[in-house]
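Presented below is the structure to which this report refers.
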Amino acid sequence: MSVSKASPTPDGALSTDAEPDELFVKHTVSEVKLMQQRLRTDADAKQEELRLMVGERYRDLLQASTSIIAIATSAQRVKQALDETKETILLQEEPPMPQQPSLKSGNDAPEHLWRLIERKKYFQAAWLFLLARVVHRALVREDEQDVTWSSQGIDVLDEFPLVQRQWDTVAQFRSQIIHKATLSLRDYESSAEDTCATLLTLHLLDSRPLTESLSVFLAQRSKTLHSSLAWKYDSDSADVLTTKPNGHALGPTQPNTISLDFRRRPVKEIKEATHTALDVISRTVKAARTVFQENDSCQPSLIRRVLEHIQSDSPVPQAHSTDLYLTTQSLLTTLPSSTHLLLLPPDLRSYKPYVDLVSSSSSVQPSQFAQKLDEWFQASISNFQKAVSRWFADLHSVKELWSVRASALRWTLASKLETNEISEMTKIFDESCRQRVVEIWRLRLAGSIDSFGQRLDSTLMEAKRKETSPVGFLFHAPPVPNSSQSRLDTSFEKYTSSLHRQLVGRTALLDDVLAALESCARTIRQDLAHVMAGNESPELVEQLEKTYRPDADALCANVIEKLEKTANEVSNTEGLVFLSRVSDELSTTSPFISEIGCQPCVVQDFRKTAAALHKRVVDRWRAYTVSSIVREHRIARRPIHPALRASLKPSGPSPELVQSLLALSISIQELQRGGQQPLVKATLEDFITELTSDDEGSLQSLYDMAFLQKLVTLHGEVQDELLEKRLREKLPSDVELDTLHKSAADALARTQTLFATLLPQADRFLQFGVPPAQEGEFQPAVELAKATSRFGLLLA
């Protein structure tokens, strides 16, 4: 036994990896013998293992060899059978030619049907389906062919099972074509010819009467209209831009150009939604009339003409579409592989679906059509009116609303609907707009009275701290606009209005309170002018005014009620002064009552009530003011000892009286800028009455009484009965009455500028006398320089 290789293993044992010569060189004889014995043992073990394996798998090897032999035998028999089949086929006669294009048409029909359905050619698909059904019946029925298959020794269903499988596949397209065609009726943008073709599909393929097809058409368009009416404006998104086109924020010199009074985004979207809904309604009505209604010249409807063409043998008119006036020949020529299909038998190539023109299912009575269309139109415009009312709720100004209305009316007039239908749709817009305009005005009226009440309450709480007198407000110059402002015209208008408010004595707080009412009235007047500027019907404007007037009358009543309630709650003079200004403005110069749109009788009652309230507030103010000034006068008056009274010789009114009259003058100025003589006279009379009620009888009091008598006499009514009586009763023997009158006249001449508010309006300077000159030379307070020689040039 030879060993090819042997080498020591890692555990020190010998291995067979070394050459025999190398083993004898490296190992002893005993080690080589040991290796030989081990190798012989391994060889015997492998031999035994091989013997066991062959013994166990011998039966499997025999079975495998038997199977191989059987497979070879079977393959030989199959080969012989194929050879025999080939010889038999070659010996048979050629089948009739019409069988091949018939099978080809059945095989290609699913592909053609899919293609037509994808292109929405449902009428062509229905025609092809009916043709495929006729071809199938021609294959399986002997009485429908000139050449019978049985005479040729052919049983089609047995010999060609593919025919039945083809028809099973094609038959499934009937429900799909009907379903797809029904859904396609929702497309309101399709033409009348396409709609007619779809309705013919339902009539021919689903055997539906034309009346039922009309109902299906209107029902599908109702779903389309419902979908368009379900649109809702997304008011959560921002209506006002806050960034520039490049993404930067708007700076102070770049004001926002989008006005809050007219928001373009909701107007645009609501216009589009309105146009879409109107388009659905108008296209549906016009398509129904085009397809089902007879012409004025008694010409049949479009769908009736197509049905008559199907049953006639006349050629297709050149003026009509071949897609609607269809024939089997024109259909086959448009299909791929039309060369094979044109080999069909002549009776199949000239196939036409059967239509019973005499039957009631092939026609629609004019009265029935008009009834169904009118019912659908009335239901549609009713739903449309509800949707329009919902959409108009997102329009917050009359300008926005009237812009949508004008656009919708222009679209309606251009829709080519009948006159009565346009009239009904116009009524819908007018009614919806009228309701929304009144709602907008009601919201503004409610907001104005709430704002007026809140501003009035808050202003009365802060009137003492913030309000200025009309005279003081006259000298607060508003800021002059400069050329750096972006909109100079608007700035000058604001500047002009500020100057006008100063001239009429309308302070900032007073303007803020009245602006809540005046801005509302001005806006409503502008809205009404905007409505009338569009050449609208007088009936619509009259309805708006008639519906709105009760709310305007209620607003005026609420304003008066709020003023009266506030007048009863106010207890300080500052609040009464401010409340008198508010009531006086509302009863005289405020444009609120003239622009709010009330009835003339309501306007007159409002002015009278506001004037009466103003009088009551002024009476309360007069009582509080006079009592306060007289009380301060009595506190400031210093008592004179009886022993000193004879030595004191007054020459005019006392300083206490002058101070009291000055306080009274300032109070009247705070009440109103322009002195009203009745108010001054009444206030002065109350002051004199209360002041002289507890006269102390001193000589100074007589001078004061004479000065007060002079003031009252200047107002045109000599009220010296009481004062004259008191003067004569208490006049000492050493004092003459003329002296008192002359002293009062001199005092009035000196104080006429100081007490200008208490005096009648003067038409010239120093109307009530020149003050008497004082003894000694008059010394000016400031030394003036002599005029230069050039001073005269300045006067030239």
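Just so you know, residue 1 is the first one in the sequence shown, and it goes up from there.
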For [X] and [Y], does a side-chain donor sit closer than 3.5 Å to a side-chain acceptor?
X      : Y      : answer
Arg304 : Ser363 : no
Ser361 : His203 : no
Ser389 : Gln435 : no
Thr276 : Asp279 : no

I'd like to know if [X] pairs up with [Y] as an ion pair, taking the criterion as any Lys NZ or Arg NE/NH1/NH2 lying under 4.0 Å from an Asp or Glu carboxylate oxygen.
X      : Y      : value
Asp527 : Arg444 : yes
Glu542 : Lys546 : no
Arg436 : Glu439 : yes
Glu545 : Arg549 : yes
Lys562 : Asp450 : no

Between Ser432 (side chain) and Phe429 (backbone), is there a donor-acceptor pair under 3.5 Å? no
Is a side-chain N or O of Asp206 found less than 3.5 angstrom from the main chain of Arg208, in a donor-acceptor match? no
Quick one: pull up [atom1] in [X] and [atom2] in [Y] and give me the separation to the nearest 0.5 Å.
X      : Y      : atom1 : atom2 : value
Leu202 : Thr182 : CG    : OG1   : 4.5 Å
Leu417 : Ile281 : CG    : CD1   : 9.0 Å
Ile303 : Leu214 : CD1   : CG    : 9.0 Å
Arg186 : Ser222 : CZ    : OG    : 10.5 Å
Thr426 : Glu431 : OG1   : CD    : 13.0 Å
Leu456 : Leu514 : CG    : CG    : 9.0 Å

Qualifying salt bridge (charged side-chain N to carboxylate O under 4.0 Å, His left out) pairs, either residue in residues 417-428, two or more places apart: Arg289-Glu418, Arg289-Glu421
Pairs flagged by salt bridge (charged side-chain N to carboxylate O under 4.0 Å, His left out) wherever residues 371-397 is involved - sequence neighbours left out: none
For this output row, return yes or no: ring centroids of Tyr233 and Phe392 closer than 6.0 angstrom. no
Can you find a pair of side-chain heavy atoms, one from [X] and one from [Y], that are under 4.5 Å apart?
X      : Y      : value
Glu400 : Ser397 : yes
Ile177 : Phe123 : no
Ile593 : Ile596 : yes
Leu205 : Tyr122 : no
Gln176 : Trp114 : yes

Using a cut-off of 6.0 Å, state whether more than 12 heavy atoms not belonging to Lys180 lie near its atom NZ. no
Does NZ belonging to Lys271 count more than 12 external heavy atoms closer than 6.0 Å? yes
Please, which pairs that meet side chain to side chain donor-acceptor pair (under 3.5 Å) have at least one residue in residues 600-613, sequence neighbours excluded? none
Ring pair (Phe, Tyr, Trp, His ring centres under 6.0 Å) with Phe592: which residues, sequence neighbours excluded? Phe606
Side chain to side chain contact (heavy atoms under 4.5 Å, CB included), that's the test. Do Cys433 and Asp430 meet it? Break it down for me. CA-CA 5 Å; Cys433 289; Asp430 290 345; 5.8 Å; no
Between Ser519 and Ala515 the two heavy atoms that sit nearest each other are OG-O, 2.5 Å
Of all heavy-atom pairs linking Ala181 and Thr201, the shortest is CB-CG2, 4.1 Å
What pairs with Ser451 under side chain to side chain donor-acceptor pair (under 3.5 Å), at least two apart in sequence or on another chain? Arg455
Going by ring pair (Phe, Tyr, Trp, His ring centres under 6.0 Å), name the pairs with one or both residues in residues 540-565, residues two or more places apart or in two chains. Trp441-Tyr548
